[in-house]
Amino acid sequence: MRFSEGPEFTKGHGTQNDFIVLPDPDGELKLTDSHVRALCDRQRGLGADGVLRVVPAGAVPDAPGDVAPDVWFMDYRNADGSLAEMCGNGVRVFARYLVESGLVAQPEFPVGTRAGIRSVRTHPDGGSTVDMGAARIFGDSAATHGGREFAGVAVDLGNPHLACVTDADLDALDLAEAPEHDGGLFPNGVNVEFVRPAGPQRVRMRVHERGVGETRSCGTGTVAAAVAALRADGESTGRRVVDIPGGTVQVDVTETTTLLTGPAVLVGGGRLDAGWWRQVEGG
């Protein structure tokens with residue numbers, strides 16, 4: 001069967017947090033909220049937790065001023081179509097795509113995001129280490145879920161997180177429903193992580209992402225989880241291995257920044273049908 005030629009796509013995931021990559025080197029692709037919602041729908045589209053548009057920063061009106069126009073920009077959208085500032089798993093998939101498609105030739109390079117520049121070092125196994133920037137703790141708060149209150153720490157990683165270290169049985173949590181949170185502290189919503197110690201320098205985590213629901217992993221969420229776990233142990237720097245439903249990553253917290261190391265997988269790709277693309281544009 002031949003499809004009329006619509007946009008190219010690649011499907012990938014980082015610890016099973018999955019994304020649709022849309023290359024747009026000329027900055028000409030019209031990507032609407034409706035497109036994103038349809039693409040991410042697991043029945044009427046390809047299915048994903050979000051969309052990563054690959055575009056020069058100079059073609060993105062809301063790109064931060066410190067991102068040079070010729071830097072490849074990760075224009076990230078949540079599954080509901082909303083813009084997101086940052087996505088740690090998405091950056092790794094984005095970086096793998098840049099390398100595999102030949103858009104970058106060197107193993108270390110910058111990636112532009114709405115949270116600013118993120119430096120990436122790719123590894124021969126296809127994974128990468130991403131400099132996620134400093135984690136800023138901006139308060140203590142709590143999430144309410146299933147009739148229970150979970151104390152947590154508010155962490156800014158370019159996007160907002162509430163990381164709750166708990167002794168609760170993580171497998172028993174039903175994260176189909178969004179946990180309740182303080183709307184005053186998190187006016188634009190929040191990603192909520194439930195974190196349980198699992199041994200020396202190791203934790204387990206489940207997460208409910210704003211605009212998506214529960215995901216198999218959340219890159220910035222694993223960093224927030226590591227920061228909260230270190231804080232609970234009376235430490236401000238160190239390493240934590242984070243086990244999430246989709247796999248395992250490593251987080252290093254230093255005095256000046258945070259580093260996220262983990263895998264990235266490109267599953268396959270092709271072209272979307274132009275007729276389908278036009279049909280879903282308006283909703």
Side-chain angles (χ1 to χ4, degrees), residues 14-15 17 64 66 84-92 108 110-111 113-121 123 127-143 145 149-168 170 179 181-182 184-210 217-244 247-262:
T15 50
N17 190 192
D66 61 346
E85 301 90 343
M86 179 57 189
C87 176
N89 291 325
V91 170
R92 297 201 311 278
E108 297 187 35
V111 170
T113 76
R114 289 184 172 82
I117 285 288
R118 293 293 181 262
S119 297
V120 178
R121 183 174 75 253
H123 306 303
S128 62
T129 297
V130 182
D131 187 331
M132 302 288 286
R136 183 177 68 88
I137 294 176
F138 61 98
D140 293 303
S141 190
H145 188 67
E149 185 173 272
F150 295 85
V153 58
V155 184
D156 182 359
L157 283 154
N159 56 357
H161 293 267
L162 177 58
C164 306
V165 178
T166 178
D167 60 359
L170 299 191
H181 63 273
D182 181 353
L185 187 61
F186 304 105
N188 298 313
V190 65
N191 302 316
V192 180
E193 290 82 27
F194 297 91
V195 185
R196 178 165 178 159
Q201 296 190 326
R202 197 175 197 103
V203 297
R204 287 188 63 211
M205 184 194 90
R206 287 179 65 192
V207 57
H208 188 285
E209 291 194 59
R210 60 176 182 167
S217 176
C218 171
T220 51
T222 60
V223 177
V227 169
L230 285 164
R231 189 173 189 247
D233 291 337
E235 303 173 54
S236 59
T237 62
R239 172 175 294 176
R240 288 294 182 271
V241 172
V242 184
D243 295 317
I244 53 271
T248 299
V249 298
Q250 176 183 295
V251 178
D252 292 279
V253 181
T254 74
E255 293 182 355
T256 58
T257 194
T258 59
L259 302 172
L260 172 63
T261 301

Could you give the distance from [atom1] ([X]) to [atom2] ([Y]), rounded to the nearest 0.5 Å?
X: R92; Y: C87; atom1: CZ; atom2: SG; result: 8.5 Å
X: M132; Y: T261; atom1: CE; atom2: OG1; result: 10.5 Å
X: D131; Y: T254; atom1: CG; atom2: OG1; result: 8.0 Å
X: I244; Y: M205; atom1: CD1; atom2: CE; result: 6.0 Å
X: M86; Y: D156; atom1: CE; atom2: CG; result: 12.0 Å
X: E85; Y: N188; atom1: CD; atom2: CG; result: 7.5 Å

Notebook entry, point to check: For S217, which of N89, N17, T222 qualifies under side chain to side chain donor-acceptor pair (under 3.5 Å)?
Noted result: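 For S217, the side chain to side chain donor-acceptor pair (under 3.5 Å) check succeeds only for N89.
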
Note to self: Any heavy-atom pair between the side chains of S236 and V253 that's under 4.5 Å?
What the structure shows: no

Next item on the list: Measure the shortest side-chain to side-chain distance between R114 and N159 over non-hydrogen atoms and say whether it is less than 4.5 angstrom.
Entry: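 The answer is no, as the side chains (C-beta and beyond) never meet within the 4.5 Å cut-off.
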
Margin query: For R240 and D233: C-alpha separation, side-chain torsions, deciding distance, then whether side chain to side chain contact (heavy atoms under 4.5 Å, CB included) applies.
Written below: CA-CA 11 Å; R240 288 294 182 271; D233 291 337; 2.8 Å; yes

Indicate the atoms forming the closest heavy-atom contact of [X] with [Y], along with that distance.
X: A115; Y: G158; value: CB-CA, 3.7 Å
X: A134; Y: T256; value: CB-O, 3.5 Å
X: N191; Y: R210; value: OD1-N, 2.9 Å
X: S128; Y: V120; value: CB-CG1, 3.9 Å
X: A135; Y: V227; value: CB-CG2, 3.8 Å
X: A228; Y: A163; value: CB-CB, 3.6 Å

Check: Using 30° and 60° as the class limits, which term best fits the ring planes of H145 and F194: parallel, tilted or perpendicular?
Finding: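 Tilted.
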
Note to self: Side chains of T220 and H161 only: does a donor on one sit below 3.5 Å from an acceptor on the other?
What the structure shows: yes

Check: Side-chain donor-acceptor pair under 3.5 Å between D182 and S141, yes or no?
Finding: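 Checked: D182/S141 side chains show no N/O donor-acceptor pair below 3.5 Å.
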
Check: Which residue, V155, T258, V249, forms the side-chain contact (heavy atoms from CB on, under 4.5 Å) with V223?
Finding: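 Only one option passes, and that is T258.
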
Margin query: Is there a side chain to side chain contact (heavy atoms under 4.5 Å, CB included) between T248 and R202? Walk through the geometry before answering.
Written below: CA-CA 10 Å; T248 299; R202 197 175 197 103; 4.0 Å; yes

Note to self: What verdict does the side chain to side chain contact (heavy atoms under 4.5 Å, CB included) test give for F138 and L185, after you've listed the backbone C-alpha separation in whole Å, the side-chain angles of each residue and the deciding distance to 0.1 Å?
What the structure shows: CA-CA 9 Å; F138 61 98; L185 187 61; 3.9 Å; yes

Margin query: Would the distance check show the side chain of R196 and the main-chain N or O of A168 forming a donor-acceptor pair, the cut-off being under 3.5 Å?
Written below: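 A pair under 3.5 Å: yes.
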
Notebook entry, point to check: Quick one: do R204 and D243 make a salt bridge, cutoff under 4.0 Å?
Noted result: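 Salt bridge between R204 and D243, a charged N being under 4.0 Å from a carboxylate O: no.
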
